[in-house]
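Chain letters run A, B, ... following the sequence lines, proteins first and then strands; every chain starts at 1.
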Amino acid sequence: MRASQLFFKTSKEKPSDATAISHVLLIRGGFISQLTSGIYNFLPLGFRVLKKIWRIIEEEMDRTGAQELLMPALHPKELWEITGRWDLMDDIMFKLQDRSGRWHVLGTTHEEIITWIVSQWVRSWRDLPVALYQIQVKFRDEPRPRGGLLRGREFIMKDLYSFHTSWEDLNEYYDKVHRAYLRCFKRMGLEVYAVEAHSGAIGGDVSHEFMLISESGEDKFLKCDSCGYIASMEIASVHPPKELPTYKGEPESLKKVHTPGFTSVEDLVKFLGKTSKDFIKTMLYKYRGSEDEDYHYVIVLVRGDKEVNEIKLSKFLGSSSLEMASPEDFQRLGLVLGYIGPVGLDLSDIKVIADYSIATVRDGVVGANERDYHLVGVNPENIKVDSWADISNASEGDPCPKCGSPMKVYPSIELGHIFKLGTKYSEAMKAYFTDRDGKSKPIIMGCYGIGVTRLISAVVEQYHDEDGIIWPITVAPYEVLILTVNARDENQRKVSEDLYKKLQGEGIEVLWDDRDETPGVKFKDADLIGIPVRVVIGSKLKEGKVEVSLRRDREKIFVPVEEGVSKVKELVKSLKKELEV
RNA sequence: CGGGGCGUAGCUCAGCUUGGUUAGAGCGCGUGCCUUGGGAGCACGAGGUCAGCGGUUCAAAUCCGCUCGCCCCGACCA
């Protein structure tokens with residue numbers, strides 16, 4: 001493509017409404033433009049990048065044995081009512097009526113549709129397993145779109161769904177997709193971590209998020225830099241302390257302090273001049289083992305900067321119905337809401353569970369079990385603890401469960417998420433199959449997403465410098481840029497055009513900047529747009545040479561004109577080889 | 001949904017506090033000259049519903065009210 005013909009325009013100015021670096025560079029480089037909040041146009045350059053990413057994902061999904069199809073973006077209300085998600089997802093759905101008043105929705109995801117399709121076709125265990133995917137536009141009326149393509153209201157997603165006769169078969173395929181995802185990201189040059197995550201409302205026992213470390217990200221995960229352990233904040237466990245404090249009684253030195261009206265750690269931090277890590281938060285929970293059991297109460301202690309992780313706590317208690325105690329519960333037990341504390345508290349059958357995080361608190365603050373008073377000077381040895389456990393959200397600096405080294409919190413962008421769905425949708429949509437034993441069973445499902453348009457931003461987040469984008473060759477809009485310094489110089493033009501045609505003949509994607517602009521403009525644009533290989537046809541032509549360089553290091557080499565084609569071919573080949581998996 | 005910011009030329013912004021010529025600059029755009037290895041120079045020119053609606057006033061980009069749009073922080077996020 002000749003730049004003089006290409007529909008693009010770069011900008012020197014940082015757009016006023018962009019803050020994420022990828023957003024700024026994609027707008028400035030003329031890859032995308034905004035139509036309205038969370039909705040973007042893909043201009044020719046941006047669309048080429050999109051298609052490159054699209055193609056890589058297709059290749060890797062096909063390799064898992066999945067087949068590509070295309071489902072509609074517009075869905076009838078009825079399908080969404082079957083699973084209850086017409087109401088559940090109401091706040092993020094774009095809903096509309098057709099001419100006859102029937103309601104429809106712009107698809108936020110496609111579990112309902114794919115399961116409906118599969119239910120029409122699959123009858124027997126002989127029809128399974130099957131895996132189907134599409135790359136298609138999704139619509140979500142996000143409460144807050146942000147960062148350009150990072151979170152949009154209309155975006156492109158790859159969604160894959162798999163259908164199995166057994167959990168074993170699902171597990172095997174899940175692992176295959178897991179590997180395929182890592183291959184995808186690696187081919188795009190992205191350093192992505194697969195983080196075990198909580199599966200949330202969607203159900204199933206295992207889920208993984210694929211995270212790229214980035215300051216522009218909205219998510220966070222924990223990583224141990226020494227042993228490589230990684231996990232999401234909710235799921236990460238922590239190493240127990242080497243030694244747990246034992247109860248030694250309550251010393252005289254405990255001081256009661258008047259704290260009128262201050263019940264939150266935040267308020268007390270200011271009032272007492274302490275940090276939140278000096279506090280031991282005391283929480284009252286109630287739970288029961290099963291429906292017909294009575295509620296048990298439990299006192300939970302976590303450090304002031306921590307939050308109780310109810311998933312971990314439920315697991316520890318062996319309960320599925322955990323909830324915080326109500327003000328009425330406090331009254332019944334004779335406890336003072338906002339001022340409870342574990343020191344001297346003796347509630348016969350209520351157990352005290354202490355989070356590992358409080359083991360190291362020294363000279364701490366706790367509630368005094370008396371309105372408007374707290375105790376200071378408390379150490380864990382002064383508290384009667386029934387059990388020690390890991391029941392809070394892990395955070396920066398916590399000891400790694402595997403090696404004990406302090407873990408770090410990394411801001412990140414979620415590029416993919418895979419789930420073991422089980423039978424939630426197949427049961428709802430009546431997608432059953434007849435098994436070998438002649439019995440009808442719900443199909444066991446998995447679902448696997450990749451944010452395709454988000455990936456464009458993610459690549460830019462990882463690959464840029466102060467002058468612009470540095471595309472990895474596998475996703476670059478063009479592989480090679482030919483920059484003709486003086487487009488009016490007959491000789492430069494002739495040599496450029498010759499090289500342009502020869503490279504194209506070799507199957508290389510070339511952008512030829514043949515514009516009649518000053519050299520400065522063309523060099524700045526070259527840096528901004530970030531084509532990986534650059535050939536400059538300029539003054540060195542008098543010596544019969546052209547300049548070749550890579551965008552990433554800009555180290556120039558000069559080669560004789562007649563060696564231009566082979567040198568460029570060689571560079572393109574080696575750049576591609578670096579990203580092979 | 002809570003908090004904050006912004007809306008004036010294609011873009012980035014001044015002007016608004018204290019109302020008063022024909023609303024400005026830089027970049028970009030057009031024409032001509034000049035220039036061709038890092039966003040050059042000179043000259044001329046085009047380009048505006050000052051987000052919209054209403055109010056106050058002799059007079060509103062400027063003051064007041066409402067509405068709309070966009071961004072950021074938080075909450076939320078299969």
Side-chain angles (χ1 to χ4, degrees), chain A residues 9-20 23-24 27-28 30 33-40 80 83-85 88-93 107-112 114-115 138-148 150-153 155 157 159-161 197-204 207 209 216-219 413-414 416-421 424-425 445-451 454 467-468 483-493 513 515-529 534-542 545-547 549 554 556 558:
Chain A
K9 187 71 88 173
T10 58
S11 161
K12 269 195 271 203
E13 305 277 2
K14 173 179 174 289
S16 63
D17 52 5
T19 48
H23 189 192
V24 171
I27 298 276
R28 282 192 52 212
S33 72
Q34 183 175 33
L35 186 61
T36 183
S37 177
I39 300 180
Y40 290 82
W80 285 85
T83 56
R85 294 210 291 183
L88 265 175
M89 295 183 89
D90 178 72
D91 55 335
I92 61 159
M93 281 178 155
T108 52
T109 173
H110 282 70
E111 281 84 8
E112 278 78 1
I114 194 77
T115 310
K138 298 279 187 274
F139 298 88
R140 295 184 190 179
D141 194 4
E142 291 285 349
R144 185 148 107 75
R146 54 173 295 285
L150 284 173
R151 178 171 295 271
R153 298 197 295 166
F155 58 100
M157 183 188 236
D159 43 329
L160 163 66
Y161 307 88
H198 183 52
S199 46
I202 197 161
S207 123
E209 292 174 333
S216 299
E218 305 173 272
D219 296 295
I413 300 170
E414 180 188 336
H417 201 162
I418 62 179
F419 300 87
K420 293 180 185 176
L421 283 179
K424 180 175 170 174
Y425 295 94
M445 292 174 58
C447 76
Y448 319 83
I450 291 181
R454 179 180 284 179
D467 295 315
L483 193 159
T484 306
V485 175
N486 182 355
R488 290 187 198 166
D489 181 304
E490 269 310 311
N491 196 25
Q492 284 187 25
R493 244 197 124 74
D513 195 344
R515 293 175 301 168
D516 185 20
E517 292 284 355
T518 56
V521 170
K522 288 186 277 198
F523 280 110
K524 288 288 182 190
D525 279 350
D527 288 344
L528 179 59
I529 290 167
R534 188 181 80 182
V535 184
V536 177
I537 314 289
S539 54
K540 282 274 177 178
L541 198 55
K542 293 188 193 109
K545 289 185 174 170
V546 297
E547 172 198 308
S549 64
R554 288 186 274 209
K556 300 169 190 171
F558 294 92

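The side chain to side chain donor-acceptor pair (under 3.5 Å) check on A:Asn491 picks up nothing, with sequence neighbours excluded. Under the rule for a ring pair (Phe, Tyr, Trp, His ring centres under 6.0 Å), A:Tyr161 has no partner lying at least two apart in sequence or in another chain. Under the rule for a side chain to side chain donor-acceptor pair (under 3.5 Å), A:Arg146 has no partner lying at least two apart in sequence or in another chain. Among residues two or more places apart in sequence or in another chain, the side chain to side chain donor-acceptor pair (under 3.5 Å) test is passed with A:Thr115 by none.
On the C1' atoms, B:rG28 is 14 Å away from B:rG45, given to the nearest whole Å. Only the C1' atoms considered, B:rU35 is 8 Å distant from B:rG41, to the nearest whole Å. Nucleotides B:rG30 and B:rG47 are separated by 10 Å at their C1' atoms, to the nearest Å. Between B:rU62 and B:rA51, the two P atoms lie 8 Å apart (nearest whole Å). Nucleotides B:rU12 and B:rU8 are separated by 8 Å at their P atoms, to the nearest Å. Of the C1' atoms belonging to B:rG7 and B:rC11, the separation is 14 Å, rounded to the nearest Å. With both ends at atom C1', the span from B:rA75 to B:rG3 equals 11 Å, rounded to whole Å. Rounded to a whole angstrom, the distance from the C1' atom of B:rG39 to that of B:rU22 is 34 Å.
For the pair A:Glu218 and A:Arg151, the salt-bridge criterion is met [side-chain N within less than 4.0 Å of a carboxylate O]. Contact check on A:Arg85 versus A:Glu111 returns a salt bridge, with a Lys/Arg side-chain nitrogen under 4.0 Å from an Asp/Glu carboxylate oxygen. Salt-bridge annotation for A:Arg554 and A:Asp467: present, with a side-chain N of the basic residue lying under 4.0 Å from a carboxylate O of the acidic one.
At least one test fails for A:Lys545 against the ring of A:Phe558: distance under 6.0 Å to the centre or angle within 45° of the axis.
Here B:rG54 sits opposite B:rC64 as a Watson-Crick or G-U wobble pair (both hydrogen-bonding atom distances under 3.5 Å). Base pairing of B:rA46 is not made with any nucleotide, judged by Watson-Crick or G-U wobble geometry with both donor-acceptor distances under 3.5 Å. Judged by Watson-Crick or G-U wobble contacts below 3.5 Å, the nucleotide B:rA59 has no partner. In this structure B:rC13 sits in a base pair with B:rG24, meeting the Watson-Crick or G-U test at under 3.5 Å. Using N1 to N3 plus N6-O4 or O6-N4 for Watson-Crick, or N1-O2 and O6-N3 for G-U wobble, each under 3.5 Å, B:rA40 pairs with nothing. With a 3.5 Å ceiling on both atom-pair distances, the Watson-Crick or G-U wobble partner of B:rG69 is B:rC6.
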Could you list, one pair per line, each protein nitrogen or oxygen that sits under 3.5 Å from a nitrogen or oxygen of nucleotides 66-72 of chain B, together with the distance?
| from | atom 1 | to | atom 2 | distance (Å) |
| --- | --- | --- | --- | --- |
| B:rC70 | OP1 | A:Thr36 | OG1 | 2.4 |
| B:rC70 | OP1 | A:Ser37 | N | 2.9 |
| B:rC71 | OP1 | A:Gln34 | NE2 | 2.9 |
| B:rC71 | OP2 | A:Ser37 | OG | 2.8 |
| B:rC72 | OP1 | A:Gly147 | N | 3.3 |

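Across the protein-nucleic acid pair, A:Leu88 atom CG and B:rC76 atom P stand 17 Å apart, rounded to whole Å. The NZ-C1' distance, from A:Lys9 to B:rC29, rounds to 8 Å in whole Å. Atom pair A:Met89:CE and B:rC77:P shows a separation of 11 Å (rounding to whole Å applied). B:rC77 atom C1' lies 6 Å from atom CD of A:Glu142, rounded to whole Å. With rounding to whole Å, A:Ile27 atom CD1 is found 12 Å from B:rC11 atom P.
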A:Lys9/A:Asp525 under salt bridge (Lys or Arg N to Asp or Glu O under 4.0 Å): CA gap, chis, key distance, verdict: CA-CA 9 Å; A:Lys9 187 71 88 173; A:Asp525 279 350; over 6 Å; no
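Taking the six-membered ring for Trp, A:His110 and A:Tyr425 have ring centres at least 6.0 Å apart.
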How does protein contact run along nucleotides 30-39 of chain B, one letter per nucleotide 5' to 3', with B for base contact, S for sugar-phosphate only, - for none, heavy atoms under 4.0 Å? -----BBBBB
